[in-house]
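Each ligand, and each atom within it, is numbered from 1 in the order the structure gives. Please read these numbers as outputs of a predicted model, since none were measured by experiment. Along the sequence shown, residues carry numbers from 1.
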Amino acid sequence: MNILITGGAGFIGSNFIRYMLTNYNHKIINLDCLNYAGNLKNLRDIAGDSNYHFIKGDIGNRSLLNTVFQEFEIRVVVNFAAESHVDRSIEDPEIFGKTNIMGTLALLDTARQFWKIHPQNKFSREFKENVKFLQVSTDEVYGTLGTEGYFTEKTNLAPNSPYSASKASADLLVRAYFETFGLPVNITRCSNNYGPYQFPEKLIPLMINNAMKNRAMPIYGDGKQVRDWLHVKDHCTAIDAVMQKGIGGEVYNIGGNNEKQNIEIVKLILKALNRGEDQITYVTDRLGHDKRYAIDSSKIKKELGWSPSYTFEQGMKETIEWYLKNQEWMEDVISGEYIRYYDQMYGERGIFLPMTQGVNGLEAEVFDK
Ligand code: NAD
Ligand code: TYD
C-alpha cells in the first residue's frame with residue numbers, strides 16, 4: 001500500500017515515518033515543504049530505505065498533488081503538515097490559514113477526485129477499507145478547560161488562538177468531505193506531545209536546551225497552566241490504530257492522562273540536569289493563553305484497543321537523555337533563523353532574554369550566530 005504522509009520532516013511526522021517503516025512494508029511518500037520546523041536530518045537514519053520517498057513541496061499546490069496521487073497511486077493520506085506553533089500564530093496568523101486550512105482543503109479535494117469518491121461510498125464498507133484520509137488534529141480545537149472535566153469527542157469546538165482556529169477550520173472541512181462526498185475520513189485530536197526531534201520553540205525541548213546552556217527558562221504568566229503530555233511514540237501507535245480500524249467519519253481523542261503544570265515540567269527538567277531553580281524567569285503571558293487541556297481518550301481505548309505504553313517519568317527520562325546525546329542535532333536546528341525568532345519572541349515579553357544572556361553570572365552558550 002502507498003501512503004502519503006504530509007509534514008513528515010517535522011517532529012511527529014518524522015517519528016511516524018520511522019515507526020511505519022520499522023513495523024510495516026508499506027511505501028511511504030513524504031511530502032513536506034521544509035519550513036523552519038521541517039528538517040531532513042530528522043529522517044537521516046531511514047532516508048535510504050527503499051520503501052521511503054521524499055518530495056519537497058507544498059500541500060496547497062494542486063498540480064503537484066495531482067502528480068503525486070497519480071504517480072504513486074496513493075491509497076491513504078495522513079496529514080501532519082501544518083504551521084504548529086501558537087506563539088507564531090499570534091505574531092503572523094496568515095500562513096496558518098494558508099497551510100492549515102487551504103492546504104488541507106487542497107489535499108481533501110485531490111483525494112476526492114483521485115479516489116473517484118461518490119456520496120454513496122459513505123455506506124460502502126469495502127470502499128472504506130481501501131482508502132482513507134486521516135487528519136492529524138489537536139485537542140486545542142476544544143479551547144480551554146477550568147479545573148474540572150475533560151475534552152471528549154462531543155465537546156464543542158471553541159478554539160482560542162489563530163493556530164487552534166485554523167486546525168478547527170480544517171477539521172470542519174474534513175467532516176464536510178465525509179458528510180457531503182462520502183470521503184472516508186478520520187480525525188485524531190491529540191494532547192501535547194514530547195519526545196525526540198521536537199523543534200525547540202515548544203516548551204520541553206526549549207527548556208532542556210536552555211537549562212543545558214545556562215539560559216533563563218522563560219515561564220509565561222504564573223506557570224500554572226496545565227497540559228496533558230503524551231510521548232510521541234504513543235501518538236504514533238494511536239494514529240496507526242485509527243488508520244487501520246477507525247470507523248469512517250469518526251473523531252478519536254488521544255491523550256496520556258498526564259496533566260502537569262508548566263512550572264512542574266520546568267522544575268523536573270532542572271532537577272534532571274542538576275541545575276538550580278534560579279534559572280526560572282517569569283515573563284509576560286501569552287495572549288489568550290489556554291489554562292488547561294485534558295483529554296478523555298476512553299473512546300479510542302474502548303473501540304480500537306489503543307493504550308499508551310510510556311509512563312511520563314520514563315518518557316521524560318529518555319527524552320532528556322536523547323537531547324543530551326543529540327546536541328549536534330540541536331546546534332544544527334538553532335541556526336540564524338531560530339536566534340532571530342528567539343530574541344524577538346522573548347524580547348517582546350517584558351524582560352529581554354537574548355540567547356546570549358546567561359544566568360547566575362555564567363555566560364550563556366551560543367553556537368551558531
Ligand atoms: P512541526 O511544526 O514539527 O512539523 C510540521 C511539518 O509540516 C514540518 O516538517 C513542515 O515543514 C511541514 N509543513 C508546514 N507547512 C507545510 C506545507 N504548506 N506543505 C507541506 N509541508 C508543510 O509540527 P508537529 O509538532 O510535528 O505537528 C504535526 C501535526 O500534529 C500538526 O498538524 C499539529 O497540528 C498536530 N499536533 C501536534 C501536537 C504537538 O504537541 N506537537 C499535538 C497534537 C497535534
Ligand atoms: P507549547 O509547547 O508552545 O504548546 P501549546 O501552547 O501548544 O500547548 O507550550 C506549552 C505550554 O508551555 C503553554 O502553556 C505555554 C507554555 N510555555 C512557556 O511558559 N514558556 C515558553 O517559553 C513556551 C514555549 C511555552
Side-chain angles (χ1 to χ4, degrees), residues 5-16 30-40 42-43 55-61 64-65 78-90 95-96 98-100 102-104 106-107 135-141 144 160-161 163-164 166-167 170-171 188-195 197-207 210 216-230 232 235 239 253-255 260-263 265-266 280-286 288-293 295 333 342 345-346 349 353:
I5 294 184
T6 68
F11 163 49
I12 307 173
S14 61
N15 277 284
F16 187 68
N30 174 15
L31 174 68
D32 194 303
C33 72
L34 301 182
N35 76 357
Y36 71 90
N39 181 359
L40 289 180
N42 296 355
L43 293 155
I55 299 165
K56 183 174 187 304
D58 194 311
I59 56 164
N61 181 341
L64 175 65
L65 291 182
V78 186
N79 183 26
F80 291 97
E83 289 292 331
S84 68
H85 192 39
V86 173
D87 290 323
R88 289 188 193 249
S89 81
I90 296 166
I95 183 72
F96 286 73
K98 187 168 172 281
T99 289
N100 299 1
M102 296 311 290
T104 302
L107 265 177
Q135 174 69 3
V136 180
S137 187
T138 163
D139 61 353
E140 302 192 27
V141 298
T144 187
N160 292 319
S161 71
Y163 162 68
S164 53
S166 67
K167 293 293 290 184
D171 285 10
T188 57
R189 295 187 181 136
C190 190
S191 59
N192 287 58
N193 284 211
Y194 67 98
Y197 301 106
Q198 187 167 29
F199 193 80
E201 64 189 352
K202 304 281 167 46
L203 181 75
I204 288 179
L206 184 142
M207 294 297 177
N210 279 17
M217 317 272 274
I219 305 268
Y220 299 168
D222 62 6
K224 293 191 176 145
Q225 300 80 13
V226 172
R227 300 292 183 261
D228 172 3
W229 294 94
L230 183 75
V232 64
H235 190 185
I239 291 171
N253 282 356
I254 306 165
K260 304 280 175 210
Q261 291 186 345
N262 296 335
I263 187 71
I265 303 267
V266 169
I280 293 173
T281 306
Y282 290 90
V283 299
T284 309
D285 208 352
R286 174 185 279 173
H289 199 169
D290 287 337
K291 184 77 185 158
R292 175 171 167 256
Y293 302 146
I295 277 276
V333 164
Y342 188 95
M345 185 60 71
Y346 293 94
R349 291 191 181 277
L353 301 168

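Contact check for Asp290 versus Ser161: no side-chain heavy atoms found under the 4.5 Å cut-off. At a threshold of 4.5 Å between non-hydrogen side-chain atoms, the residues Phe199 and Asn39 do not count as touching. Here the side chains of Asn42 and Phe11 are not in contact, with every heavy-atom distance at 4.5 Å or above. The shortest distance between side-chain heavy atoms of Leu203 and Gln225 does not fall below 4.5 Å. Considering only heavy atoms from C-beta on, Leu31 comes within 4.5 Å of Leu64 through its side chain.
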Does ligand 2 have any N/O atom under 3.5 Å from a protein N/O, and what are those pairs and their distances?
unit_1: ligand 2; atom_1: 2 (O); unit_2: Leu203; atom_2: N; d: 2.8
unit_1: ligand 2; atom_1: 3 (O); unit_2: Arg286; atom_2: NH2; d: 3.0
unit_1: ligand 2; atom_1: 4 (O); unit_2: Asn192; atom_2: ND2; d: 3.4
unit_1: ligand 2; atom_1: 6 (O); unit_2: Arg286; atom_2: NH1; d: 2.5
unit_1: ligand 2; atom_1: 6 (O); unit_2: Arg286; atom_2: NH2; d: 3.3
unit_1: ligand 2; atom_1: 7 (O); unit_2: Glu140; atom_2: OE2; d: 2.5
unit_1: ligand 2; atom_1: 8 (O); unit_2: Asn192; atom_2: ND2; d: 2.9
unit_1: ligand 2; atom_1: 8 (O); unit_2: Arg227; atom_2: NE; d: 2.7
unit_1: ligand 2; atom_1: 12 (O); unit_2: Asn262; atom_2: ND2; d: 3.3
unit_1: ligand 2; atom_1: 14 (O); unit_2: Arg227; atom_2: NH2; d: 3.2
unit_1: ligand 2; atom_1: 14 (O); unit_2: Asn262; atom_2: ND2; d: 2.8
unit_1: ligand 2; atom_1: 14 (O); unit_2: His289; atom_2: NE2; d: 2.7
unit_1: ligand 2; atom_1: 19 (O); unit_2: Tyr220; atom_2: N; d: 2.9
unit_1: ligand 2; atom_1: 20 (N); unit_2: Pro218; atom_2: O; d: 2.8
unit_1: ligand 2; atom_1: 22 (O); unit_2: Pro218; atom_2: O; d: 3.3
unit_1: ligand 2; atom_1: 22 (O); unit_2: Tyr346; atom_2: OH; d: 2.7

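Separating the OG1 atom in Thr104 from the CD atom in Gln135 is a distance of 4.5 Å, to the nearest 0.5 Å.
Using a 3.5 Å distance cut-off with no hydrogens or angles, the side chains of Asn35 and Glu83 do pair a donor with an acceptor.
Annotation: cation-pi geometry satisfied between Arg88 and Tyr36 (NZ/CZ under 6.0 angstrom from ring centroid, within 45° of ring axis).
Between Arg189 and the options Asp171, Asn253, Asp139, Thr138, a side chain to side chain donor-acceptor pair (under 3.5 Å) holds for only Asp171.
The protein residues lying under 4.0 angstrom from ligand 1, judged by non-hydrogen atoms, are Gly7, Ala9, Gly10, Phe11, Ile12, Asp32, Cys33, Leu34, Asn35, Ala37, Gly38, Gly57, Asp58, Ile59, Phe80, Ala81, Ala82, Ser84, Thr99, Val136, Ser137, Thr138, Tyr163, Lys167, Cys190, Ser191, Asn192, Asn193.
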